[in-house]
Novice: 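Below you'll find the structure I mean.
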Amino acid sequence: ISHVLVCNVTQRVSFWFVVTDPSKNHTLPAVEVQSAIRMNRNRINSAFFLNDQTLEFLKIPSTLAPPSDPSVPIWIIIFGVIFCIVIVAVMLLILSGIRQRRRMSKGPTEVDDSEDKCENTITIENGIPCDPLDTKGGHINDAFLTEDERLTPL
Amino acid sequence: MEKARPLWANPLQFVFACISYAVGLGNVWRFPYLCQMYGGGDFLVPYVIMLIVEGMPLLYLELAVGQRMRQGSIGAWRTISPYLGGVGLASVVVSFFLSTYYNIINAWAFWYLFHSFQDPLPWSVCPLNGNRTGYNEECETASSTQYFWYRKTLNIAPSIQDSGGVQWEQALCLILAWLVVYLCILRGTESTGKVVYFTALLPYCVLVIYLVRGLTLHGATNGLAYMFTPKLEQLANPKAWINAATQIFFSLGLGFGSLIAFASYNQPSTNCQKHAIIVSLVNSSTSIFASIVTFSIYGFKATFNYESCLNKVILLLTNSFDLEDGFLTASNLEQVKGYLASAFPSRYSEVLPQMKNCSLESELATAVQGTGLSFIVYTEAIKNMAASQLWSVLYFFMLLMLGIGSMLGNTAAILTPLTDSKLISSHLPKEAISGLVCLVNCAIGLVFTTEAGNYWFDIFNDYAATLPLLLIVLVEIIAVCYVFGLRRFESDLKAMTGRTLNWYWKAMWAGVSPLLIISLFVFYLSDYILTGTLQYQAWDASQGQLVTKDYPLYALAVIGLLVAASTMCIPLVALGTFIVRCLKRGDTAPMA
């Protein structure tokens, strides 16, 4: 502190300073002081409990800390996770579809009917279950079967 | 016995599928812009009128046609009249173009979603320049969110001619987006029916959360007041009415064939009139709801920018005049500026060019639409919120749900005619057809991941669907009313659903809606012809903003091809059917 002289004190906390060399009794050139400050910015900041935003040295631009760059970008990790999940799900669906088709080709007729009934789940309209008769395209109407049986063949 | 047509497990799935398809990105990023441009609260007047007069009748028509014909768009229109199979084909072509370029938005949403898991958010800070003394130049002149969008995401070229190479990061995201879409459509209505529960409902959850957050943000009321102050003179502006009609038209997704495809999987007795009204009302109320959220976010962003601008001016003045810290505040700024100008005129005039004029109005007036709104403006607002990672994840997840919901409809429009055709479905199983369609679309979509890809995206976005759709829907309405016969259609509907057709629908279908569409069509045509050369916005890295450039000749040729490819289907197929029939009549005549 004995070798640092303070002058031109202003209202805001700002000041000019020069650093003297005790052995040679002259002030050190500005360039040397600037490079010294640039190298030891951190120590000077922490001495005052300040940081680059609160303690400014005019004409010495602070070197900014680069944002942290992990070796593997985070987004690739998340991408990889979701990609694998989607591929697994697609495989599962395709395989189950193939298995279903193999089961269908083994027992065509009865399995077909039950498959139809499974696909067209019974919808309830006005509280009455409707059989999807119209999807079978104009075939025998179950409601009239008993009538046919009552008629005796000639 | 032929295999029964797959059906929706319950009518709710059908309604959700339609809602999920209709409520898309346009509700979030186009409607708020239109509201702002055409008079705020007053824009709702033409919007609601167009909804009742144009939106609901056309939506009901498409659903009724699909439910009655029980086939995809090509089969349905061929049943109405053999010469009109071209209408269905045109719908499929337009849907194909749409699905090619639409999924790139989902890829971008994935990209931003994956980048939201970092602290700080990558678009909130600028990267450093070479010798680490300051920030990257392009980032300084533009803003960090614009830099992240134009440089890190798109790596955009200065013009459409410099195509550059495929960006592998974007390509990966695009492949993932197509895999997700494939996963959802793989099993047809069975899988789609379950996915639409999520894609329809989740965006609403996020919107509600955002509404609560948005309304409690500082400065949100500024945005809402700005949006809802009526500017009555806009009601007389014909552009407001035209834009309202166009927004309703495209927002509901008419003419693509998706609604016909969805309705064809219905039970014939489904009450599609009720569903049409529900879907159109939900779609419009979502638009209004989303614009409330958007404007509260706008207000927050504008207030934040305005206050930081003021703070910069205060700091500048405090530094140059060595004033006491805390002496200058926002309230006494003008007074002190006047005092300083009179007391220290020379030094004040030195400082004056560096002082920016801060205005809340100009911050609010930056009306943005489209990708700019979602990926630049919203991200800028999000980065200033507390817990920004959470809000960012929520927002991009919502965008994804909206985008995938619309993609399901687009792909259904392409796949339903393909799976209906006996020729193709007898050789290939459903999964393989879906896989092929996704693969082809993905391969073509890689064009949009090149450096000039965003310019091609803009071409597709602006020209692939607008004119052809108007023509398609016009031909659809005329076909149903006059070729098939309105009375015949009415009796078919009555036999199918058991309800008589209200006179209102008949009046709209026969008269009002076709006239509206013709006037829209004429307006667009004359607009294109009058503007002369078409231009686009290119990003200038040195200036840090968008500049207008002319399209080169081959881009204009592509635009012409896009429009022609779909519209020419209608007359060509009609002509082809006519020729085939003449030949057949010529063949059978000598035998008779």
Side-chain angles (χ1 to χ4, degrees), chain A residues 10-14 38 56 58 60-70 73-98 100-101 104 108-109 112-113 115-121 123-126 130 132 134-137 139, chain B residues 1-11 70 110-120 122 125-129 131-135 169 172-173 175-180 182-184 186-191 267-271 318-319 322-325 327 429-432 435 496:
Chain A
T10 54
Q11 215 175 8
R12 295 172 70 225
V13 184
S14 69
R38 211 182 259 126
E56 185 193 1
L58 293 174
I60 302 182
S62 48
T63 53
L64 303 159
S68 60
D69 225 355
I74 299 182
W75 76 271
I76 288 196
I77 301 175
I78 306 176
F79 170 81
V81 167
I82 301 203
F83 194 74
C84 293
I85 294 178
V86 171
I87 292 227
V88 165
V90 168
M91 289 294 151
L92 281 176
L93 275 183
I94 295 183
L95 286 174
S96 70
I98 295 179
Q100 231 176 23
R101 216 165 290 128
M104 263 176 66
T109 38
D112 215 320
D113 276 322
E115 279 280 306
D116 262 6
K117 290 222 178 87
C118 286
E119 263 190 68
N120 315 324
T121 48
T123 52
I124 311 253
E125 193 112 337
N126 293 330
C130 315
D134 41 5
T135 59
K136 291 196 179 121
H139 286 245
Chain B
M1 191 174 71
E2 53 182 69
K3 189 170 193 292
R5 191 173 182 78
L7 295 174
W8 298 108
N10 55 52
R70 314 204 76 225
F110 267 123
W111 169 264
Y112 270 80
L113 181 67
F114 295 150
H115 276 87
S116 308
F117 291 96
Q118 294 173 359
D119 182 35
V125 283
C126 274
L128 302 174
N129 61 11
N131 52 7
R132 293 204 202 156
T133 50
Y135 295 112
E169 301 100 338
L172 278 182
C173 289
I175 294 176
L176 177 64
W178 273 111
L179 276 176
V180 171
Y182 181 53
L183 178 66
C184 300
L186 184 45
R187 290 285 205 85
T189 46
E190 199 183 309
S191 51
Q267 294 273 12
S269 52
T270 315
N271 183 2
T318 317
N319 277 343
D322 276 340
L323 300 168
E324 194 187 311
D325 246 341
F327 175 65
K430 197 171 29 176
E431 288 90 343
M496 187 172 72

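Each chain gets a letter, A, B and so on, in the order its sequence line appears, and its residues count up from 1.
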Novice: What are the two closest heavy atoms between Arg101(A) and Pro429(B), and how far apart are they?
Specialist: NH1-CB, 3.4 Å
Novice: Given a strict heavy-atom distance threshold of 4.5 Å, which part of Ile76(A) is in contact with chain B: side chain, backbone, both, or neither?
Specialist: side chain
Novice: Take Leu93(A) and Tyr182(B), measure what side chain to side chain contact (heavy atoms under 4.5 Å, CB included) needs, and give me the verdict at the end.
Specialist: CA-CA 11 Å; Leu93(A) 275 183; Tyr182(B) 181 53; over 6 Å; no
Novice: Under a 4.5 Å cutoff for heavy-atom pairs, which residue among Val180(B), Leu179(B), Thr189(B) has the most contacts with chain A?
Specialist: Leu179(B)
Novice: Examine whether an atom of Leu172(B) lies under 4.5 Å from a heavy atom of chain A, and if so say whether it belongs to the side chain, the backbone or both; otherwise answer neither.
Specialist: both
Novice: Mind checking whether Trp75(A) and His115(B) have parallel, tilted or perpendicular rings, split at 30° and 60°?
Specialist: parallel
Novice: Which answer fits Ile77(A), side chain, backbone, both or neither, if we ask what part of it has an atom under 4.5 Å from a heavy atom of chain B?
Specialist: neither
Novice: Within a strict 4.5 Å, meaning less than it, do heavy atoms of the Gln118(B) and Pro73(A) side chains meet?
Specialist: no
Novice: Ignoring hydrogens, what is the shortest heavy-atom contact between Leu186(B) and Val90(A)? Give both atom names and the distance.
Specialist: CD2-O, 4.0 Å
Novice: Would you mind telling me which of Ile82(A), Ile78(A), Ile94(A) has the largest number of heavy-atom pairs within less than 4.5 Å of chain B?
Specialist: Ile78(A)
Novice: Look at Ile98(A), Ile87(A), Val86(A) and state which one has the largest set of heavy-atom pairs under 4.5 Å with chain B.
Specialist: Val86(A)
